[in-house]
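Both ligands and their constituent atoms are indexed starting at 1 by order of listing.
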Amino acid sequence: MRIDLHAHSTASDGTDTPAELVRNAAAEGLDVVALTDHDTVGGYAEAADAVRALDGALTLVTGAELSCRLGGTSLHMLAYLFDPAEPTLAAERELVRDDRVPRAKGMVARLRDLGVPITWEQVARIAGNGSVGRPHVASALVELGVVETVSDAFTEEWLADGGRAYVEKHELDPFDAIRLVKGAGGVTVFAHPAAAKRGRTIPEAAIAELAAAGLDGIEVDHMDHDEPTRARLRALAAELGLLATGSSDYHGSRKSCRLGEYTTDPEVYREISRRATGAVPITAI
Ligand code: AMP
Ligand code: FE
Ligand code: FE
Ligand code: ZN
């Protein structure tokens, strides 16, 4: 069983449409893929249709990656198999998603002040109907020849946390996020908790508090964690009684990782689906 529990589509900052993501996951030989767009469930319907149209036996886990902030540090909370119609969580997702638009416009304004001829129209065209974020702004900077790659835009000079053109967005308190996702029947996994190259991370003591508040797991095997970091996180998960997952965090051509580059143990996946009551994984009938 090959299980990848973290992937993005054009519903947020990935470059595969939800249907392409499903077909690519099947072509990669994955058995299970989770659709985890930032702060949105907008890709679910198309992805589910694509799964039902497949010959093979790919299972789709519906999810989202919720933008959170704790004590000034941004972090990402993966949520799986929650009820997308549960109104309290849906309203919170909408707040975060809606605030992404004025925030992206703010980053465009800062870049223009810095002499970059970027426009909101350009960023809006790149983002399409997706939940707009820094990777879309970064793609505009690549188009303009300001930087060579999307990653190159994530520096102090441009869009990194605290960078010259960085603007904050509304983000959830992760304790609220855990509670809200549980209330919608879902399961939470703290995404890339020690990805230091993305900016500040929270201390282990805070992860312990999240665990005590009902966090289900942490993402251990991830491209942004080196081997010693994974070993440390695996030990922390065992100590705190958390599930340990692995996943690609696939973003199509916007990032270098491949679907299925890191995977989750089948027993861990079974436990996640056992705990979830908000939705069931989708398979071809
Ligand atoms: P946002 O949610 O708009 O603040 O953008 C965060 C997203 O930017 C993440 O989900 C990643 O997809 C992307 N990102 C963050 N840091 C980096 C980085 N160093 N290189 C490439 N992409 C990054
Ligand atoms: Fe992303
Ligand atoms: Fe993330
Ligand atoms: Zn992600």
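- A heavy-atom cutoff of 4.0 Å around ligand 1 is satisfied by the protein residues Asp13, His38, His76, Arg100, Arg103, Gly133, Arg134, Pro135, Ser151, Phe154, Lys169, Arg198, His251, Lys255.
- For the side chain to side chain contact (heavy atoms under 4.5 Å, CB included) with His192, the qualifying choice from His76, Met223, Lys197 is His76, the only one to do so.
- Counting only distances under 2.8 Å, and ignoring water, the protein N, O or S atoms around the Zn ion (ligand 4) are His6 NE2, His8 NE2, Glu65 OE1, Asp249 OD1.
- Between Arg23 and Glu20 there is no salt bridge, since no side-chain nitrogen of the basic residue lies less than 4.0 Å from a carboxylate oxygen of the acidic one.
- Within the coordination shell of the Fe ion (ligand 2), defined by N, O or S atoms under 2.8 Å, His8 is absent.
- In this structure, Glu121 does not pair ionically with Arg125, as no charged nitrogen and carboxylate oxygen lie closer than 4.0 Å.
- Under 4.0 Å is where a charged nitrogen must lie from a carboxylate oxygen, and between Arg134 and Asp13 no such pair does.
- Between Arg198 and Asp161 there is no salt bridge, since none of the side-chain N atoms of the basic residue sits less than 4.0 Å from a carboxylate O of the acidic one.
- With salt bridges taken as basic N to acidic carboxylate O contacts below 4.0 Å, one links Arg179 and Asp176.
- Considering just the N/O/S atoms of Asp13, the one nearest the Fe ion (ligand 2) carries the name OD2.
- Side-chain contacts under 4.5 Å among hydrophobic residues (ILVMFWY), followed directly or transitively, place Val187 together with Met1, Ile3, Leu5, Val32, Val61, Leu78, Tyr80, Leu81, Val189, Leu243, Val268, Tyr269, Ile272.
- Here CG of Leu215 is found 8.0 Å from CZ of Phe190. Values are rounded to the nearest 0.5 Å.
- Using a 4.5 Å cut-off between side-chain heavy atoms of Ile, Leu, Val, Met, Phe, Trp and Tyr, Val142 falls into a hydrophobic cluster with Val101, Met107, Val108, Leu111, Leu114, Val116, Ile118, Trp120, Val123, Val132, Val137, Leu141, Leu144, Val146, Val147, Val150, Phe154, Trp158, Leu159, Val167.
- Interatomic distance, Glu28 CD to Asp4 CG, rounded to the nearest 0.5 Å: 9.5 Å.
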